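Notes follow once the structure below has been shown.
The chains referred to below are lettered A, B, ... by the order of the sequence lines, with proteins before strands, and numbering in each begins at 1. The model shown is predicted, which means the values in this text are computed figures rather than measured ones.
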Number of protein chains: 2
Amino acid sequence: MALFAGTYENRIDRKGRVSLPADFRSELPADGNRVIYIYRSPKAQALEACDRVFMQRLADSLEQYDLFSDEEDDLGSTIVADARKVSIDGEGRIVVPPEFVSFADIGERVTFVGRGSRFQLWKPEDFEKHAAAARNSAKGRTIRLVPPESKE
Amino acid sequence: MALFAGTYENRIDRKGRVSLPADFRSELPADGNRVIYIYRSPKAQALEACDRVFMQRLADSLEQYDLFSDEEDDLGSTIVADARKVSIDGEGRIVVPPEFVSFADIGERVTFVGRGSRFQLWKPEDFEKHAAAARNSAKGRTIRLVPPESKE
DNA sequence: TGACTTACCATAAAAACCCATGCTATCCCA
DNA sequence: TGGGATAGCATGGGTTTTTATGGTAAGTCA
């Protein structure tokens with residue numbers, strides 16, 4: 001499964017293209033399916049992206065909520081409906097939809113932030129602030145590790 | 001699974017390369033996946049490193065928290081986002097990102113500290129102090145052993 | 001035809017790769 | 001037991017390959 005980790009800053013050119021960091025690119029299936037899904041974060045002024053597998057999982061996860069319930073409707077409309085399928089060109093670049101760019105207040109530069117099975121796109125200054133705050137409130141937090149996976 | 005133990009001190013060359021201690025290297029999968037993840041410790045002024053399996057486990061562990069929750073965000077932004085994928089060259093060396101080097105106040109020499117499924121990188125003098133303090137406060141502590149694993 | 005994409009090519013900088021060398025701990029054999 | 005031979009390891013430097021990023025040509029849809 002894809003594992004996105006690390007942060008990388010890249011430049012958006014005048015045509016709206018950005019290179020996907022090579023380390024993210026190498027996590028995606030090499031054959032054919034060179035496509036990702038981008039959606040606006042419901043939590044922060046940033047964008048999120050993932051591969052097809054995760055989007056499928058997200059959609060499946062919404063089925064925990066009753067069909068036609070408010071939760072299902074809210075989250076489904078906000079994430080799944082919002083998501084755009086974006087293709088990756090021969091040089092490993094994507095074009096971020098203009099309205100998404102302005103939603104995240106992104107200018108010439110984007111910070112790609114690996115978050116495990118998905119990653120985020122931030123305006124660099126915004127992410128710096130966010131990361132500092134997060135690091136601060138992570139201080140003292142501990143992590144209960146899940147048992148090692150036996151799969152794969 | 002990888003088992004890193006012991007401490008080793010190595011030299012960083014002018015290109016930023018350090019040899020991974022041979023005993024650590026031999027714990028990594030020989031085929032292909034010759035890569036490790038390095039991140040800044042949320043607890044100490046030191047770096048931590050692990051193999052892909054552990055980073056995946058860490059990312060999986062964060063899924064105990066709901067997607068878009070504060071806990072998931074804080075810890076994800078601090079660890080997974082902070083991590084850098086670092087490749088191991090033919091001679092068993094890695095390049096430690098410069099900003100990480102300065103975070104840990106590392107100069108020409110690094111101390112590698114085995115911590116089981118991960119290991120740490122310290123400025124030698126700092127680790128000495130830390131180790132002394134830890135040894136002192138470990139006095140009297142006990143360990144509840146888990147039952148021997150039956151797998152593999 | 002014109003606006004807007006999508007595919008293809010070029011290049012500088014950075015990262016990965018390859019080869020070389022001295023040191024050290026281990027082995028081997030008298 | 002001693003000392004040379006040997007293999008593994010840390011370290012150094014040069015060269016090739018990737019990557020990010022810019023531009024141009026070819027398609028596409030209204």
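For a distance-only test at 3.5 Å, the side chain of B:Glu91 fails to qualify as a donor-acceptor partner of the base of D:dC9. Looking at A:Arg11, its side chain has no donor and acceptor atom pair within 3.5 Å of the base of D:dG22.
Each of A:Asp89 and B:Val86 was assigned the nucleotide of DNA chain C with the nearest heavy atom; the assignment lying further toward the 5' end belongs to A:Asp89. Nucleotides of DNA chain D nearest to B:Lys15 and A:Asn10 differ in position, and the one nearer the 5' end is that of B:Lys15. Both A:Asp23 and B:Arg25 lie close to DNA chain D; mapped to their nearest nucleotides by heavy-atom distance, the more 5′-ward contact belongs to B:Arg25.
Nucleic acid contact for B:Ser87: sugar-phosphate only, since backbone atoms but no base atoms lie under 4.0 Å from a heavy atom of the residue. Among the heavy atoms of the strands lying under 4.0 Å from A:Arg14 are primed sugar atoms or P, OP1, OP2 only; no base atom is included. No contact: A:Ile12 has no heavy atom under 4.0 Å from any strand.
At whole-Å resolution of the value, CG in A:Asp13 and P in D:dT19 are 19 Å apart. Distance B:Ile94 CD1 to C:dC17 C1': 17 Å, rounded to the nearest Å. Protein atom CD1 of B:Ile88 is 17 Å distant from nucleotide atom P of C:dA15, rounded to whole Å. Atoms CG (B:Leu20) and P (D:dC9) sit 12 Å apart, rounded to a whole Å. Atom CZ of B:Arg17 and atom P of C:dA14 are 16 Å apart (whole Å). Taking atom CZ on B:Phe24 and atom P on D:dA10, their separation rounds to 11 Å, with Å as the unit. In this entry the distance linking CZ of A:Arg93 with C1' of D:dG22 reads 8 Å, nearest Å. To the nearest angstrom, C1' of D:dA10 lies 14 Å from CD of B:Glu108.
Inspection of the B:Asp74 and A:Ser137 side chains reveals an N or O donor paired with an N or O acceptor under 3.5 Å. Between the side chains of B:Ser77 and A:Arg115, at least one donor-acceptor pair of N or O atoms lies under 3.5 Å.
Shown here is B:Lys43, whose NZ atom has no more than 12 heavy atoms of other residues, nucleotides or ligands within 6.0 Å. Within 6.0 Å of atom OH in A:Tyr8, more than 12 heavy atoms from other residues, nucleotides or ligands are found, so the atom counts as buried in its surroundings.
Of all the heavy atoms in B:Phe54 and B:Ser117, the pair that sits closest is CE1-OG, 3.3 Å.
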